[in-house]
Amino acid sequence: MNTDVAVETTPETPLWNDPSHPVAARVDALIGAMTLQEKIAQLYGVWVGASDQGGEVAPHQHDMEEAVDLDALLPTGLGQLTRPFGTVPVDPAIGALSLMRTQARIASANRFGIPALAHDECLAGFAAWGATAYPVPLSWGATFDPSLVRAMAEAIGRDMRSVGVHQGLAPVLDVVRDARWGRVEETIGEDPYLVGSIGTAYVAGLESAGIVATLKHFVGYSASRAGRNLAPTSVGPRERADVLLPPFEMAIREGGARSVMHAYTDTDGIPSAADEALLTGLLRDTWDFDGTVVADYFGIAFLKTLHGVAGDFGDAAGTALTAGVDVELPTVKTFGAPLVEAVTEGRVPEEIVDRALRRVLTQKAHLGLLDPDWSPVPPALEDADLDDAEALRGRIDLDRAANRELARRIADQAVVLLGNDGTLPLTRPRRIALVGPNAAEPTAVLGCYSFPLHVGVQHPEFPVGLELPTLQDTLTAEFPDAEITAVRGTGVDDGDLSGIAAAVEAARDAEVVVAVLGDRAGLFGRGTSGEGCDAESLALPGAQQQLLDALLDSGTPVVTVLLAGRPYALGRAVDESAAIVQSFFPGEEGTRAIAGVLSGRTNPSGRLPVSVPRGAGSQPSTYLGARLAQVSEVSNIDPTPAFGFGHGLSYTTFAWSDLTVGTERAATDGEFALSLTVRNTGDRAGTEVVQLYLHDPVASVVQPVQRLVGYTRVPLEPGEARRVRVTVPADVASFTGRDGHRVVEPGALELRLAASSTDARLTATVTLTGPVRRVDHTRRFHAVLTQEPVDQA
């Protein structure tokens, strides 16, 4: 609801319910009328699951929480409802009815008629039964296409809003620092500019649909030691400022994110949930963020139980509130009785409760939850007969054709062709040996936060709720005249060698082998990728490398296909596979996208958002390394990747030419202008991705050898050329100097126009002049790349 829309009020309407008054005045009046218990009740959530009969939600029990008595809680109010759709499988319309009835109960139970704010996960689509399973964020990064990601986020947001959800816990803006970390699949990549630009597009899309986007995880979670989940983080202030923080800066300033979730981790002994310098000093005082900070699930209690910086739950609550955390999720624990007691005893000032409450109520006001005409009926049920629950079943479709088309487009653009000796595209093959643990597995396209794998696996009595064709299904449709022999060979991680001989026999009888390898997404050790599924090395899980090597020895060309949540070292296959196709959990349309690339129906245009290592044990390593991070004569470990960040091949060829440097010298507050021509020199349409990297040869502090500062997708017909014009503001050359402030320094720079981090095509040497200039979060983040046709005459 729009709080600016005039509604009919009466003299008896309380100020806080009157939208004709400024939000700040309404919120102040409401806070002044509340008891301490009513204030604190707005600062926590309760984890619930919608009823599959349309009744009120039921509290969800978890081994990290105590039972919740809603009858006892609701008279003082309730701040949030946690994952009403993402806890148990429920028909979307029945779930919406259940949430509606619960909201009516919540509002009628408290003195002020305030409903709860409902949140759910939306990492790779709305995490609800039957909702579209889009590609995971690592695939978003592989598209290098912010506009497409924004369109997806808008669709996700519309679906969530239609059933009564207000807040989405996404995107993840953690920058990959160690690919062994299990949550790599949830990230957008290893480069802060790519993560920031794609993540900001997602935020803008979600917010445009009326959903409060929640940035995760603030900050440093992905930089844990040895890639272990929830391990300590060892980063200095410069790495934090220049690598980990920029995506959050961009998403707040340019995307309009209204919520931030603190990270579980501690950095140099300070847990994020207790870091006042981070959550208040930087986030609010410096960046002017005015939204809410919510706890990662159980994160406030962890200040006592895991971090040991609080003596009891009341101390934990006070520490988090003081630092700047506003809302305890997923359920009431520290912000309930322990916080009431701590405030009553004077250990926690009531003023910091009011500070958090003001932010929470301001957000509720902007969502229309304090308006006198607020209704618990969600948009999708406005014209429905709400007294007949069974008649509603099947009324709401969260996997419409338009959603699936978006999912298909993203999957198509996210498939990365790593290598190809000319075997691909396959031309009317007669006999295909389809081998590997992911060849006939429907859920091999899904990440750990997809509903079927996050929730559905705990309810095997329910159908999946989506069409998930296997690669065997889609290849059979793609090559109807081919004889396809499917052999599993081995499991994802069972180490079973007994099926390899049969796989080799099938390979020898075929014209081509399609080896489908990779991961199984899961949670906390129940998969090879996902939250709590960290890897000791980047060798393929289980016996998959042995299977792949045996197939390479068969004498039949092997096309290696990866359905994975992280990059893996592929051993001999890097040089000996006929082709390598990389896909990062591409969602429900993913196997159709892969089949299209194999057949040539789709010309691949994906680019790597993370480097693919050559060695399984060379971690942690990303392309953002300084000179000492490169291969050297003083270490026997070579971190050079098999395929670098930004790499991806096409079925056509492109020529880059005619570099013009319009501005070779610019002040430290100025900008450079470049242009180049990209031409499709092949015989079919394709898309080149022009990437701009900055190399700073001499700086006052050590810099990465290069870093991405801009990119654009250039679609071209055969023979077509486009002129790409590049504007590079001096701000993108900024970094954190010796005194801890971000600066732009004078001196020479290289601007590398490249097809990947390992394939620079054209280089311009330019110079910044003038004094050292200090910049801040209001700096220009982007080098701007635009395109125009080239006159073919």
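The first residue of the sequence shown is numbered 1, and numbering continues consecutively from there.
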Salt bridge flag under 4.0 Å for residues Arg707 and Asp242: no
Validation row: Leu446, Leu468 side chains within 4.5 angstrom (heavy atoms): yes
Any donor-acceptor N or O pair under 3.5 Å, side chains Glu720, Asn680: no
N/O donor-acceptor pair under 3.5 Å between Asp473 side chain and Thr470 backbone: yes
Lys/Arg-Asp/Glu bridge criterion (N-O < 4.0 Å) met for Glu688, Arg607: yes
Student check: side-chain heavy atoms of Val445 and Glu588 closer than 4.5 Å: no
Heavy-atom pair with the smallest gap, counting every atom of Ala124 and Pro135: CB-O, 3.8 Å
Value rounded to 0.5 Å, distance of CG in Leu753 from CG in Leu676: 5.5 Å
Derivation and outcome, side-chain contact (heavy atoms from CB on, under 4.5 Å), residues Val690 and Trp656: CA-CA 10 Å; Val690 175; Trp656 301 37; 3.9 Å; yes
Trace of the side-chain contact (heavy atoms from CB on, under 4.5 Å) decision for Ile410 with Val149: CA-CA 8 Å; Ile410 296 168; Val149 170; 5.6 Å; no
Note, Leu123 side chain near Val136 side chain (heavy atom, < 4.5 Å): no
Glu478 and Ser599: side chain donor to acceptor below 3.5 Å: yes
Donor-acceptor pair between Asp159 and Ser162 side chains, under 3.5 angstrom: no
Check: Lys216 side chain, Leu173 main-chain N or O, donor-acceptor pair, under 3.5 Å: no
Pairing of Arg150 and Asp145 as salt bridge, 4.0 angstrom limit: no
Crowding at CZ, Arg253 (>12 non-hydrogen neighbours, <6.0 Å): yes
Distance-only polar pair, side chains of Gln167 and Thr214, donor-acceptor under 3.5 Å: yes
Pair Ser605-Arg713, side-chain donor/acceptor within less than 3.5 Å: yes
Expected output: side-chain Gln691 to main-chain Gly646 donor-acceptor under 3.5 Å: yes
Any donor-acceptor N or O pair under 3.5 Å, side chains Ser756, Thr758: yes
Polar side-chain atom of His647 near backbone of Leu608 as donor-acceptor pair, under 3.5 Å: no
Straight-line distance of Thr560 OG1 to Tyr568 OH, nearest 0.5 Å: 15.0 Å
Gap separating the CG atom of Leu540 from the CG atom of Leu547, nearest 0.5 angstrom: 9.5 Å
Test: Arg526 and Glu531 ion pair at under 4.0 Å: no
Carboxylate-amine/guanidinium contact Asp493 Arg520, below 4.0 Å: yes
Audit row: Tyr134, Ser139, side-chain contact (heavy atoms from CB on, under 4.5 Å) steps and yes/no: CA-CA 9 Å; Tyr134 293 93; Ser139 275; over 6 Å; no
Side chain Arg404, main chain Glu589, donor-acceptor under 3.5 Å: no
Pair Asp575-Arg614, salt bridge (Lys or Arg N to Asp or Glu O under 4.0 Å): steps then yes or no: CA-CA 10 Å; Asp575 301 309; Arg614 184 169 289 275; 3.6 Å; yes
Within-4.5 Å side-chain heavy-atom neighbours: Phe126 and Asp120: yes
Glu186 side, atom CD; Ser222 side, atom OG - distance, nearest 0.5 Å: 11.0 Å
Residues Arg566, Glu185: salt bridge by 4.0 Å N-O rule: no
Pairing of Glu467 and Arg592 as salt bridge, 4.0 angstrom limit: yes
Separation of Met152 CE from Leu206 CG (nearest 0.5 Å): 9.5 Å
Sub-4.5 Å side-chain heavy-atom contact between Leu471 and Asn438: no
Thr474 side chain near Pro469 side chain, heavy-atom distance below 4.5 Å: yes
Parallel, tilted or perpendicular: ring planes of Tyr202 versus Trp140, cut at 30 and 60 degrees: parallel
Main-chain N/O of Pro541 paired to Gln544 side chain as donor or acceptor, under 3.5 Å: yes
Side-chain donor/acceptor of Arg400 to backbone N/O of Asp397, under 3.5 Å: yes
Under 3.5 Å: donor-acceptor pair, side chain of Glu190, backbone of Ser611: yes
The single option from Thr602, Asp683, Leu417 passing side chain to side chain contact (heavy atoms under 4.5 Å, CB included) against Tyr651: Leu417
Straight-line distance of Leu563 CG to Ser529 OG, nearest 0.5 Å: 11.5 Å
Distance-only polar pair, side chains of Gln787 and Thr712, donor-acceptor under 3.5 Å: yes
Asp534 side chain vs Gly182 backbone, donor-acceptor pair below 3.5 Å: yes
4.5 Å side-chain heavy-atom contact, Leu418 and Leu649: no
Donor-acceptor pair, side chain of Glu154 and main chain of Ala209, under 3.5 angstrom: no
Aromatic plane relationship, His217 with Tyr221 - under 30° parallel, 30 to 60° tilted, over 60° perpendicular: perpendicular
Mutual orientation of the aromatic rings belonging to Tyr623 and Phe645 [parallel < 30°, tilted 30-60°, perpendicular > 60°]: parallel
N-O pairing of Asp759 and Arg761 below 4.0 Å: yes
Side chain to side chain donor-acceptor pair (under 3.5 Å) between Glu441 and Thr443, intermediate numbers included: CA-CA 6 Å; Glu441 174 51 60; Thr443 59; 2.8 Å; yes
Side-chain heavy atoms of Leu138 within contact of Thr187, under 4.5 Å: yes
Test log, rule side-chain contact (heavy atoms from CB on, under 4.5 Å), inputs Thr622 and Arg177: CA-CA 7 Å; Thr622 80; Arg177 303 302 283 162; 3.8 Å; yes
